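Structure first, then comments.
What you see below is based on every heavy atom in this structure, not just the backbone, and it leaves out hydrogens, waters and symmetry mates. Just so it is clear, the model here is predicted, and its values are computed rather than measured. Both ligands and their constituent atoms are indexed starting at 1 by order of listing.
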Amino acid sequence: MKTSIRRGAFVTALSFAAAFAGACSSDEAESAHRQADSVVVHEQWVKAADSGMTSAFAEFRNSADTEVRVVAASSPAAGWAELHEIAPGDTGAPVMRPKAGGFVIPAGGTYTLAAGGDHLMLMDLPAPLTPGAETEITLEFADRSTMTFTAQVRDFAGAQENYQPGGDSADAPAAPSTPAHGG
Ligand SMILES: [Cu+2]
């Protein structure tokens, strides 16, 4: 698939970085390099859905020598979006929920979003997403840089996990270990 990536808000991010550079010494800002600039996306697609919510999947590759962190996502195809993981729920059955800390793409490494695992959740769809259509998805990184890519909508029967809204996962008891959930 041809990959289409647009770097968003470049001028805004530059001026933000300039204002930031003098005062901040955190790991996330130690380099003037924007996190979004070191990431490319492959194999991106969205599960077709008539309404409600659906999942988006992709593989991200980070060419930088430091990790980068995806902290938020948005899409014109969704009222809002979340970064999700799949984990054992209260009953032991797998549920999906917001992933604490976002998606960390290791230095020089990849991070894969796939059915049965981490994914982008597109919620409150304003219109059906039909197979063959395309939509844009924008990722925001920990340094507030952004990247936008185009993903194709595909028919897919999997990725049917129940949604368990987040907010208290940090306080939850340790989940029992379970075999990897296929999907
Ligand atoms: Cu989800």
N, O or S atom of Met121 closer to the Cu ion (ligand 1) than 2.8 Å: yes
Aromatic ring pairing Phe57/His119, orientation class (parallel under 30°, perpendicular over 60°, tilted between): tilted
Residue pair Tyr163, Glu82: steps toward the side chain to side chain donor-acceptor pair (under 3.5 Å) verdict: CA-CA 11 Å; Tyr163 179 46; Glu82 293 182 347; 2.7 Å; yes
Derivation of the salt bridge (charged side-chain N to carboxylate O under 4.0 Å, His left out) call for Asp143 and Arg34: CA-CA 7 Å; Asp143 64 354; Arg34 300 167 70 243; over 6 Å; no
Reference residue Phe103; test side-chain contact (heavy atoms from CB on, under 4.5 Å); the match among Leu120, Leu139, Val68, Val71: Leu120
Atom name in His84, limited to N/O/S, at shortest distance from the Cu ion (ligand 1): ND1
N/O/S from Met53 sitting under 2.8 Å away from the Cu ion (ligand 1): no
